[in-house]
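Here the structure is laid out as structure tokens; the discussion comes afterwards.
Quick note: numbers below take in every heavy atom, side chains included, and nothing from hydrogens, waters or symmetry partners. Note that the structure is predicted; figures quoted are calculated from it, not measured.
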Amino acid sequence: MSGATVLAWALDIAVGAVALAMLMCAWRLLRGPSLPDRVLALDTLYVNAIALAVLLGLRQGSAVFFEAALIIAMLGFVSTVAAARYLARGDVIE
């Protein structure tokens with residue numbers, strides 16, 4: 001068994017695990033008992049999307065996926081801050 005084969009196998013397992021985590025986060029986002037639970041599920045969902053983009057970038061050998069991961073991280077952070085401010089104060093912009 002060569003090193004490249006083991007890496008490809010490990011990346012496939014990691015992609016499957018992250019995809020399963022994303023499904024569980026989506027379930028919590030849809031069913032979550034309270035609004036803060038749904039915001040936390042959305043935050044975790046975008047972190048998993050970053051992980052999936054990085055894993056796919058490693059698997060495909062393309063730098064485009066890493067740039068996409070950076071964009072997802074920036075947009076996810078801003079949306080989480082906006083949702084948290086809305087929940088805490090009832091208004092996003094003061």
Practice task
Begin from the C-alpha positions of Thr5 and Trp9 and carry the test side-chain contact (heavy atoms from CB on, under 4.5 Å) through to its verdict.
Solution key: CA-CA 6 Å; Thr5 306; Trp9 188 66; 5.5 Å; no

Exercise for the section: Please answer: with hydrophobic residues joined when any side-chain heavy atoms are less than 4.5 Å apart, are Leu52 and Leu20 in the same cluster? Expected result: no

Practice task
Would you kindly confirm whether Ile72 and Leu40 end up in one hydrophobic cluster when ILVMFWY residues are joined by side chain heavy atoms under 4.5 Å apart?
Solution key: no

Exercise for the section: May I ask whether Leu56 and Leu45 are part of the same hydrophobic cluster, defined by side-chain heavy atoms of I, L, V, M, F, W, Y residues being less than 4.5 angstrom apart, directly or through others? Expected result: yes

Practice task
Please name the pair of heavy atoms, one in Ile50 and one in Ala69, separated by the smallest distance, quoted to 0.1 Å.
Solution key: CG1-O, 3.9 Å

Practice task
Check Arg28 against Arg38 and note the closest heavy-atom contact, atom names and distance.
Solution key: O-CG, 4.1 Å

Exercise for the section: Only counting residues at least two apart or in another chain, list the ones meeting salt bridge (charged side-chain N to carboxylate O under 4.0 Å, His left out) with Asp12. Expected result: Arg59

Problem - Exercise: identify the closest heavy-atom pair between Leu87 and Pro36 - result: CD1-CA, 4.1 Å

Handout entry: Atom CZ of Phe66: over 12 foreign heavy atoms under 6.0 Å
Key = yes

Handout entry: Hydrophobic cluster membership, Ile71 vs Val54, 4.5 Å side-chain cutoff
Key = no

Handout entry: Residue list, side-chain hydrogen bond (donor to acceptor under 3.5 Å, both in side chains) with Asp43, at least two apart or on another chain
Key = Tyr46, Thr80

Exercise for the section: Kindly work out whether a path of hydrophobic side-chain contacts (I/L/V/M/F/W/Y, heavy atoms less than 4.5 Å apart) joins Leu58 to Leu7. Expected result: yes

Practice task
Check salt bridge (charged side-chain N to carboxylate O under 4.0 Å, His left out) between Arg31 and all other residues, then give those that pass, not counting sequence neighbours.
Solution key: none

